[in-house]
Amino acid sequence: MTTPQRPRIILDCDPGIDDAIAIMTASRWADLVGITTVAGNVGVEHTTANALKLRSLLGLTVPVHRGADRPLVGDPFHARHVHGATGLADVDLPEPDDGPDSWDAVDFLVEATRAEEGLHLVPVGPLTNVALALRADPGLAGRVASITLMGGGAGIGNVTAAAEFNVFADPEAADIVFRSGGPVTMVGLNLTNQVRMGSGHAEACRAVGTRVGAVAADLIRYNIGAHRSQDRATSGSMHDPCAVLAVTHPGVVRTEPRHVTVELDGTHTRAQTLVDERGSLGAEPNCRVAYEVDAAVAVDLVMQAIAGA
Ligand code: RIB
Ligand code: CA
């Protein structure tokens with residue numbers, strides 16, 4: 001019996017605590033063709049350094065390409081209060097063995113998807129790089145197997161009542177992606193808040209006895225604290241790995257076809273991902289929206305990735 005094919009993915013990210021766990025998850029369950037970095041949780045100089053440090057920690061050879069340092073419109077918006085001053089909590093990783101493979105993530109996204117059709121793009125930060133790549137080459141939308149993004153949310157936000165961070169940090173980029181005609185799947189907060197990791201998971205990671213397990217334990221612990229400050233939680237949502245698992249283990253997540261509009265102007269609703277649940281707009285669905293996840297299985301797959309790294 002042939003082993004199931006590991007999906008080949010490009011992870012576009014802004015490490016970032018949950019981005020780091022997503023990189024661990026992707027390295028275990030997917031073929032990581034490339035990592036592209038973008039300004040988001042912290043500046044792109046930090047998200048790129050963090051991706052390089054994690055590559056070294058995990059002993060990966062995946063190319064890392066530095067991307068956009070600001071959104072398409074307006075100024076960068078960061079989340080240091082959630083991810084720490086440099087983006088990886090209070091974890092001190094050794095300086096990376098070497099620098100990024102290029103400073104042009106957009107060119108990498110265009111060229112890699114031209115060289116190989118059927119790749120999955122998995123953006124888990126602001127969508128600036130992906131939007132710029134679609135602007136440079138609209139045909140990209142038809143060459144990829146999916147654009148499975150962590151972002152937005154059906155009826156929920158975490159920056160405002162309406163807007164989720166990745167979309168809030170670059171709404172115009174998100175609008176380009178949702179209008180691209182590509183095979184978009186939105187893994188939003190309504191889904192990712194169901195997947196949570198607490199102190200028990202942190203201690204289980206530490207008990208693995210590896211450097212990766214210790215780093216994951218510290219990241220999970222810090223993430224609990226960041227979420228506790230927001231909603232007195234005893235666990236922290238693990239957003240970004242959900243987008244990876246939606247590609248590597250599609251049976252774990254249930255999605256439905258929907259039309260999603262990104263609000264660009266609303267006084268209180270800018271960056272909302274408005275999901276047309278009833279087809280009232282008469283518009284054809286432009287993406288799939290994730291609604292349910294087997295959270296226990298998802299967390300177990302993340303734990304397997306950490307333990308096996
Ligand atoms: O809203 C959650 C998202 O914003 C995650 O991707 C997290 O890393 C931050 O970028
Ligand atoms: Ca992220």
Side-chain angles (χ1 to χ4, degrees), residues 9-26 35-44 46-51 54 67-68 70-71 76-89 91 105 121-130 147-171 173-174 177 185-197 216 219-220 222-227 229-231 233 235-247 262 271-273 290 293 298 302:
I9 78 171
I10 297 173
L11 187 70
D12 185 70
C13 56
D14 60 334
I17 290 173
D18 53 334
D19 305 71
I21 304 296
I23 292 171
M24 295 174 187
T25 305
I35 293 175
T36 51
T37 60
V38 66
N41 290 318
V42 289
V44 72
H46 290 307
T47 62
T48 305
N50 293 339
L54 290 160
R70 57 185 315 105
F77 181 81
H78 298 317
R80 295 186 188 90
H81 60 295
V82 175
H83 296 268
T86 59
L88 283 185
V91 174
L121 289 196
V122 183
V124 295
L127 290 159
T128 317
N129 291 336
V130 179
I147 301 174
T148 302
L149 61 94
M150 191 282 135
I156 183 174
N158 59 3
V159 176
T160 69
E164 175 277 330
F165 176 84
N166 287 335
V167 178
F168 186 87
D170 197 340
V177 173
T185 293
M186 181 174 88
V187 182
L189 290 176
N190 60 294
L191 189 285
T192 63
N193 279 337
Q194 300 175 51
V195 179
R196 307 182 71 85
M197 299 183 81
L219 293 173
I220 293 167
Y222 194 97
N223 197 49
I224 296 166
H227 284 79
S229 63
Q230 293 164 21
D231 59 12
S235 61
S237 301
M238 204 42 80
H239 304 290
D240 292 345
C242 294
V244 172
L245 293 174
V247 172
V262 179
Q272 180 178 18
T273 49
V293 57
V302 171

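Start at 1 and go down the list; that is how both ligands and their atoms are numbered.
Residue contacts with ligand 1, taken as heavy atom pairs separated by less than 4.0 Å, involve Asp14 solely via side-chain atoms from C-beta onward. The residue Val82 has no part lying near ligand 1, judged by heavy-atom distances below 4.0 Å. Of the heavy atoms in Ile17, none comes closer than 4.0 Å to ligand 1.
Side chains of Leu189 and His239 form a contact here, defined as non-hydrogen atoms less than 4.5 Å apart. Side-chain contact between Asn223 and Met197 is absent, with no heavy-atom pair separated by less than 4.5 Å. You'll find the side chain of Leu54 reaches within 4.5 Å of the side chain of Pro15, heavy atoms only. Put simply, the side chain of Val42 reaches to within 4.5 Å of the side chain of Arg80, judged on heavy atoms. Contact of the Arg70 side chain with the Val38 side chain is not registered, since no non-hydrogen atoms from C-beta on lie closer than 4.5 Å. Considering only heavy atoms from C-beta on, Leu245 comes within 4.5 Å of Thr25 through its side chain. A heavy-atom distance below 4.5 Å is not found between the side chains of Asp170 and Leu127. Taking 4.5 Å as the limit, every side-chain heavy atom of Pro123 sits out of range of all side-chain heavy atoms of Asn129.
The shortest contact between atom 6 (O) of ligand 1 and any protein heavy atom is with Asp240 OD1, 2.6 Å. Shortest contact from atom 2 (C) of ligand 1 to any protein heavy atom: Glu164 OE2, 3.4 Å. With hydrogens left out, the protein atom closest to atom 9 (C) of ligand 1 is Asn41 OD1, 3.1 Å, a heavy atom. Scanning the protein for heavy atoms near atom 8 (O) of ligand 1, the closest one is Asp18 OD1, 2.6 Å.
Ring-plane geometry between Phe77 and Phe168 is classed as perpendicular, the angle between the planes exceeding 60 degrees on a 0 to 90 degree scale with a lower cut at 30.
Checked by distance only, ligand 1 and Val124 come closer than 3.5 Å through their nitrogen or oxygen atoms. Checked by distance only, ligand 1 and His239 stay at 3.5 Å or farther apart across all their nitrogen or oxygen atoms.
Note that OG1 of Thr128 and CG of Asp14 are 9.5 Å apart. Values are rounded to the nearest 0.5 Å. Of the inter-residue distances, the one linking Leu88 atom CG with Ile17 atom CD1 reads 7.5 Å to the nearest 0.5 angstrom.
For ligand 1, the atoms sitting less than 4.0 Å from at least one non-hydrogen atom of Met150 are 2 (C), 3 (C), 5 (C), 6 (O), numbered in the order shown with element in parentheses. Below 4.0 Å from some heavy atom of Asn166 lie the following atoms of ligand 1, by number and element: 3 (C), 4 (O), 5 (C), 6 (O), 9 (C), 10 (O). Atoms of ligand 1 lying under 4.0 Å from any heavy atom of Asp19, numbered from 1 in the order shown and given with element: 8 (O). Near Phe165, with a cut-off below 4.0 Å to any heavy atom, the atoms of ligand 1 are 1 (O), 4 (O), 9 (C), 10 (O).
The residue from Asp18, Asp19, Thr86 that alone fulfils the side-chain hydrogen bond (donor to acceptor under 3.5 Å, both in side chains) condition with Asn41 is Asp19.
Take the Ca ion (ligand 2) and draw a sphere of radius 3.0 Å; the protein N/O/S atoms inside it number 5.
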